[in-house]
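Predicted model, so just to flag it, every value in this text is computed and none were measured.
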Amino acid sequence: VDEARALTKVDPEKREMYISMGAYARSCILTFEAYGYNASYHVSDNGHTVTINYSKNGMAMDDGLINLLKRRHTDKRIYRQTNIPVFFQEGLNGIHGTNYYSHGSVEYEEIRQYTLVAAARQRDNQSIRDELADWLRFSNSEAANKKDGLTAEQLGITGMKKSLYYLFVDRERAKGDSFAQSSYDTTVNQTEGCAGFIVISDGEAPKDYVDAGMRLMEVWLYAVRNNIEVQPMSFGVENREDRHKIQQALNLSAPPQMVLRVGYVEGVYGENIPVRRDLKDYVTVK
C-alpha cells in the first residue's frame with residue numbers, strides 16, 4: 001500500500017486500503033490470464049504486500065474476459081426494486097463469506113439503518129468532509145492532470161448536471177453544510193432504490209482485508225456478467241464497533257467488510273469511467 005495516499009480520517013485502520021489492494025491484485029491476475037499468461041500470487045504473512053508471478057503460456061487472448069473487466073464500474077443511479085434472480089443468489093453462495101439480503105427483508109433494513117446512521121455521522125464530521133473534498137475533481141482537466149480522484153461521472157452526475165456541477169461547485173463549497181446534506185440525501189435515496197445488499201465478510205487483519213478485496217472482485221464481475229449494477233456502500237462498516245454490531249444483527253460468522261448495493265437500472269447498463277494513473281508510476285516489475 002502507498003501510505004501517502006491513505007485516507008487518514010475515514011479509513012484510519014487502512015482497512016479499505018488493503019481491501020482495495022486485494023481487489024486490484026485480483027484484477028491484475030485475471031488480466032494476465034486474459035492476455036495468455038499463467039499467474040499466481042502470494043500475500044505476505046502480515047498482509048502488507050501482494051506479489052504476482054506471471055509467465056506466458058501460449059494461450060490465445062480471452063476477449064470475453066477482457067471485455068468483462070472493462071465493463072466493471074460503479075453505478076450510483078437509483079435501481080429498480082425488482083429482486084435479483086434466484087440463480088444469481090445461489091451463485092453467490094459459492095463465494096466464501098458472501099451473503100445477499102433482498103429489499104424489504106429484516107436484514108436489509110438493518111443494513112440500511114446502520115448505513116444511514118454512519119452516513120449522517122460522516123456528514124457532520126468536518127475533517128471527513130475536508131478529506132473527501134481533497135479527492136473530488138472539479139473539471140475534466142483536473143482529472144486528466146491528477147489521474148485519480150472522483151469526477152462528476154463517478155459521483156453519478158452526467159449531462160447538463162455535470163456542466164452545472166463543474167461551473168458552480170469548488171473545493172470550498174464541497175466542504176460546506178449544503179454539499180454534505182445533499183450527499184446524505186442522495187445516500188438515503190440510493191438505499192431505498194435498489195434490489196438488495198450483498199455483504200462480504202472476513203476477519204480483522206490486513207491479510208483478511210486483502211482476501212475480502214479479492215472476493216469483492218469475484219462478486220463484482222459475477223454481477224457484471226449478469227448485467228446487475230453495483231455500488232459499494234460501506235458507510236456502516238467503516239467503524240470496527242459498527243462492523244461487530246452488524247455481524248451480530250445478521251448472525252454472520254465474521255465481521256462484514258464490504259456492503260454492495262445492487263440492482264437493475266431503467267435504460268442502458270452503465271459503463272466504466274476510467275481515471276487511472278500510469279502503471280509505471282506505481283507498479284514495480286522484477
Side-chain angles (χ1 to χ4, degrees), residues 1-27 46-50 73-74 76 114-138 142-143 145-156 169-177 179-184 186-187 190 200 202-214 216-217 220 230-244 246 255-261 273-277 281-283:
V1 299
D2 183 349
E3 299 285 345
R5 304 178 72 82
L7 302 177
T8 58
K9 304 303 180 184
V10 77
D11 187 32
E13 302 174 59
K14 301 183 178 65
R15 184 188 66 88
E16 292 183 337
M17 204 170 197
Y18 286 109
I19 290 173
S20 297
M21 185 168 69
Y24 183 84
R26 186 61 183 146
S27 293
N46 61 10
H48 293 181
T49 303
V50 179
H73 64 280
T74 294
K76 297 187 177 181
Y114 275 106
T115 298
L116 294 180
V117 168
R121 197 161 56 225
Q122 290 192 15
R123 175 198 61 194
D124 300 334
N125 187 313
Q126 188 62 55
S127 62
I128 289 178
R129 283 154 51 167
D130 292 349
E131 185 174 69
L132 170 62
D134 287 339
W135 285 95
L136 294 175
R137 302 296 172 248
F138 299 102
E142 184 183 17
N145 290 334
K146 293 189 175 180
K147 300 178 181 178
D148 62 12
L150 296 170
T151 63
E153 290 91 344
Q154 289 169 317
L155 296 176
V169 180
D170 57 23
R171 192 151 281 107
E172 285 308 307
R173 286 180 181 270
K175 296 177 181 180
D177 292 343
F179 189 91
Q181 184 61 45
S182 177
S183 298
Y184 175 79
T186 297
T187 299
Q190 288 168 336
I200 300 173
D202 213 316
E204 293 284 14
K207 196 167 186 176
D208 299 323
Y209 302 151
V210 171
D211 180 60
M214 290 191 171
L216 165 65
M217 191 54 52
W220 208 325
V230 176
Q231 178 193 0
M233 185 164 278
S234 295
F235 295 102
V237 297
E238 288 175 336
N239 175 284
R240 186 182 291 258
E241 182 179 349
D242 288 344
R243 290 198 293 278
H244 288 273
I246 297 174
Q257 301 300 343
M258 286 297 297
V259 175
L260 305 178
R261 169 181 166 263
I273 309 295
V275 179
R276 298 287 185 267
R277 288 181 291 157
D281 292 340
Y282 61 97
V283 172

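- Leu216 has its side chain out of reach of Arg26: every pair of non-hydrogen atoms, C-beta onward, lies at least 4.5 Å apart.
- A donor-acceptor pair under 3.5 Å is formed between the side chain of Gln154 and the backbone N or O of Thr151.
- Counting heavy atoms from C-beta on, the side chains of Lys14 and Glu3 come closer than 4.5 Å.
- Considering only residues two or more places apart in sequence or on other chains, Glu204 meets the side chain to side chain contact (heavy atoms under 4.5 Å, CB included) condition with Tyr209, Arg240, Arg243, His244, Pro255, Gln257.
- The distance from atom OH of Tyr282 to atom CG of Asp148, rounded to the nearest 0.5 Å, is 10.5 Å.
- One finds no salt bridge joining Lys9 and Asp134 here, because no Lys/Arg side-chain nitrogen approaches an Asp/Glu carboxylate oxygen to under 4.0 Å.
- Met214 and Gly22 make their closest contact through CG-O, 3.3 Å (heavy atoms, listed as atom of the first residue, atom of the second, distance).
- Residues Val117 and Arg121 have side chains in contact (heavy-atom distance under 4.5 Å, counting atoms from C-beta outward).
- The minimum heavy-atom distance between Leu136 and Ala174, with the atom names listed, is CD1-CB, 3.7 Å.
- By the 4.5 Å heavy-atom criterion applied to side chains, Leu155 and Lys76 are counted as neighbours.
- In this structure the side chain of Trp220 reaches within 4.5 angstrom of the side chain of Thr74, judged on heavy atoms.
- With a 4.5 Å cut-off on side-chain heavy atoms, Met258 and Asp202 do not count as touching.
- In plain terms, the two heavy atoms of Val50 and Ala25 that are nearest each other are CG1-CB, 3.7 Å.
- Rounded to the nearest 0.5 angstrom, Leu132 CG and Lys175 NZ are separated by 10.5 Å.
- Here the closest heavy-atom approach between residue Gly236 and residue Asp242 is recorded as O-CB, 3.2 Å.
- To the nearest 0.5 Å, atoms CZ (Arg137) and CD (Glu153) are separated by 13.5 Å.
- Note that CZ of Phe235 is 9.0 Å distant from CG of Leu116, once rounded to the nearest 0.5 Å.
- Residues satisfying the side chain to side chain contact (heavy atoms under 4.5 Å, CB included) criterion with Glu16, sequence neighbours excluded, are Asp11, Ser234, Glu238.
- The minimum heavy-atom distance between Val10 and Glu131, with the atom names listed, is N-OE1, 3.0 Å.
- Taking CH2 from Trp135 and CG from Leu150, the interatomic distance works out to 9.0 Å, rounded to the nearest 0.5 Å.
- For the pair Arg15 (side chain) and Val237 (backbone), a donor-acceptor distance under 3.5 Å is present.
- Counting only heavy atoms from C-beta outward, the side chains of Val259 and Tyr114 never approach each other to under 4.5 Å.
- For the pair Gly47 and Val210, the tightest heavy-atom approach, listed with the atom from each and the gap, is O-CG2, 3.7 Å.
- Legend: residues meeting side-chain hydrogen bond (donor to acceptor under 3.5 Å, both in side chains) with Arg171, ordered by chain and number and at least two apart, are Glu142.
- The side-chain heavy atoms of Arg123 and Ser183, taken from C-beta on, include no pair separated by under 4.5 Å.
- Of the inter-residue distances, the one linking Lys207 atom NZ with Tyr18 atom OH reads 13.0 Å to the nearest 0.5 angstrom.
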